[in-house]
Amino acid sequence: MPGLWTLGIESTAHTLSFGLVDADGNPAPSSSSTVRPDEGGIHPREAADHHKNAASELLQRLFEANGIAADDIGAVAYSQGPGLGPCLRVGAAIARGLASKLETPLIGVNHCVAHIEIGRQQCGCSDPILLYVSGGNTQVIAHLDGRYRVLGETLDIGIGNMLDKFARGQGIPFPGGPVIEKLASEWLDKNPNASLEGLELPFAVRGMDLAFSGVMTAAQRLLDNGAELGAVCWSLQEHSFAACVEIAERALAHTGKSEVLLGGGVACNNRLREMCTLMAEERDATSHAPPRMFCIDNGSMIALLGKIELDHGRTTSYAQSAVDQYLRTDQTPVTWPV
Ligand code: ATP
Ligand code: FE2
């Protein structure tokens, strides 16, 4: 009898993660490890080495935590793209090796679409506008004619990369986003009547698109001119999140949809969640965010999308299993009901 569990392998960037879904698509918590460089940003080759070294122990831990053995795996899914080439290739190699050894189907999936599907499953959304905010990606997405279409996106860096880079400039190690959130909320507690006067930053909206590098440089300039770090973190969040929420709101208005769904690592942020909820309430719409362990990169979301695609008849042959660093959200046909 084939194993009942689908294994998911995530390795697009800084995190290697193994996850599982059961025969009904219910996810188990992932087993993950994130590379944290001593200084500077993530080096793709070093991250790939980290993934190679961490893989065997992480997989064993996943099996032990769920009381299963390799024979219980009935399918192997992996992130085929987008992401950093060396990192993607480690995950794909592990997936091919396991699928071949266990004689299971292999399914290469789109990482961005996996963020969407785990969110839809966890939040019970039917047809949302997705605000996908992570390190590398910032996109507003809607389902239309069999694809997840990108209605607006960043023209330069992802919002998470912007937060991480700003933090790095202050000596805060990766990932900087959660530390900025903490500094901003501590500062706000001490300054409940805070105003953006004197803390203005450029607005990131460009039509339905966004651009963040100018915002980051301007935030740095506020610090150079003597502003407090906590105050600048608060202003940076207020400005950059408002820009994302504005294009999500416009997408709701244009499409006539009535749900917003947050996804990606920056969706862990409480202030962003709150801003989305307020915007949705004003429009008689609803706002949803999955549990945080499913916002950050995780193997469970890869397993879920792999299972969904397998159930709809798709597998990946070894000849087609090469990674695609530049795979786009709208390149993947959505063959399952939305
Ligand atoms: P993708 O490949 O989808 O772009 P990613 O590699 O950036 O994903 P994720 O785990 O989805 O990985 O997101 C990581 C990002 O999320 C980092 O930039 C991190 O700073 C940011 N982040 C995590 N928690 C928070 C938070 N509470 N507030 C703001 N940003 C956060
Ligand atoms: Fe991600």
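Each ligand, and each atom within it, is numbered from 1 in the order the structure gives. Source: prediction; values computed, not measured.
Contacts with ligand 1 closer than 4.0 Å are made by side-chain heavy atoms of A13 only, the backbone lying farther away. In D164, the part holding a heavy atom less than 4.0 Å from any atom of ligand 1 is the side chain.
Taking the ring centroids of F203 and H239, they lie at or beyond the 6.0 Å cut-off.
Among heteroatoms of the N, O or S kind in D297, OD1 lies nearest the Fe ion (ligand 2).
To the nearest 0.5 Å, atoms CG (D156) and OG (S213) are separated by 3.5 Å.
Checking only distances, P82 never comes within under 3.5 Å of ligand 1, N or O to N or O. Between G177 and ligand 1, at least one pair of N/O atoms sits closer than 3.5 Å. Of the polar atoms of G265, at least one N or O is found under 3.5 Å from an N or O of ligand 1, judged by distance alone. Distances between N or O atoms of G135 and those of ligand 1 include at least one value under 3.5 Å.
Counting atoms of ligand 1 from 1 in the listed order, those under 4.0 Å from a heavy atom of G160 are 18 (O). Heavy-atom contacts of H115 reach the following atoms of ligand 1: 3 (O), 11 (O) (cutoff under 4.0 Å). The contact set between ligand 1 and C268, taken as ligand atoms under 4.0 Å from a residue heavy atom, comprises 24 (N), 27 (N). The Y132 neighbourhood of ligand 1 comprises atoms 1 (P), 3 (O), with distances under 4.0 Å to a heavy atom of that residue. Near P175, the atoms of ligand 1 lying under 4.0 angstrom from a non-hydrogen atom of the residue are 19 (C), 20 (O). Here is the list of ligand 1 atoms found below 4.0 Å of a heavy atom in H111: 1 (P), 2 (O), 3 (O), 8 (O).
One finds no salt bridge joining D164 and R168 here, because no Lys/Arg side-chain nitrogen approaches an Asp/Glu carboxylate oxygen to under 4.0 Å. Salt bridge status for E64 with R61: absent, with no side-chain N to carboxylate O gap under 4.0 Å. Taking 4.0 Å as the cut-off between side-chain N and carboxylate O, K52 and D49 count as a salt-bridged pair. Residues R283 and E249 are paired through a salt bridge, judged by an N-O separation under 4.0 Å between the basic side chain and the carboxylate. Between E153 and R328, at least one side-chain nitrogen of the basic residue sits less than 4.0 Å from a carboxylate oxygen of the acidic one, meeting the salt-bridge criterion. Taking 4.0 Å as the cut-off between side-chain N and carboxylate O, K182 and E186 count as a salt-bridged pair.
In the candidate list D297, I42, V179, D297 is nearest to atom 5 (P) of ligand 1, counting heavy atoms. The residue from G263, G176, S134 that puts a heavy atom closest to atom 1 (P) of ligand 1 is S134.
Taking the Fe ion (ligand 2) as the apex, the angle formed with NE2 of H111 and NE2 of H115 is 90°, to the nearest 10 degrees.
Note on ligand 1: P178 sits in its first shell, one or more heavy atoms being nearer than 4.0 Å. The shell of residues lying under 4.0 angstrom from ligand 1, judged by heavy atoms, excludes R292.
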**OP:** For the pair R147 and D330, evaluate salt bridge (Lys or Arg N to Asp or Glu O under 4.0 Å) and give the outcome as yes or no after the intermediate values.
**Re:** CA-CA 6 Å; R147 302 271 164 143; D330 49 15; over 6 Å; no

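Enclosure of atom OH in Y326 is not indicated, since only 12 or fewer non-hydrogen atoms of other residues, nucleotides or ligands lie within 6.0 angstrom.
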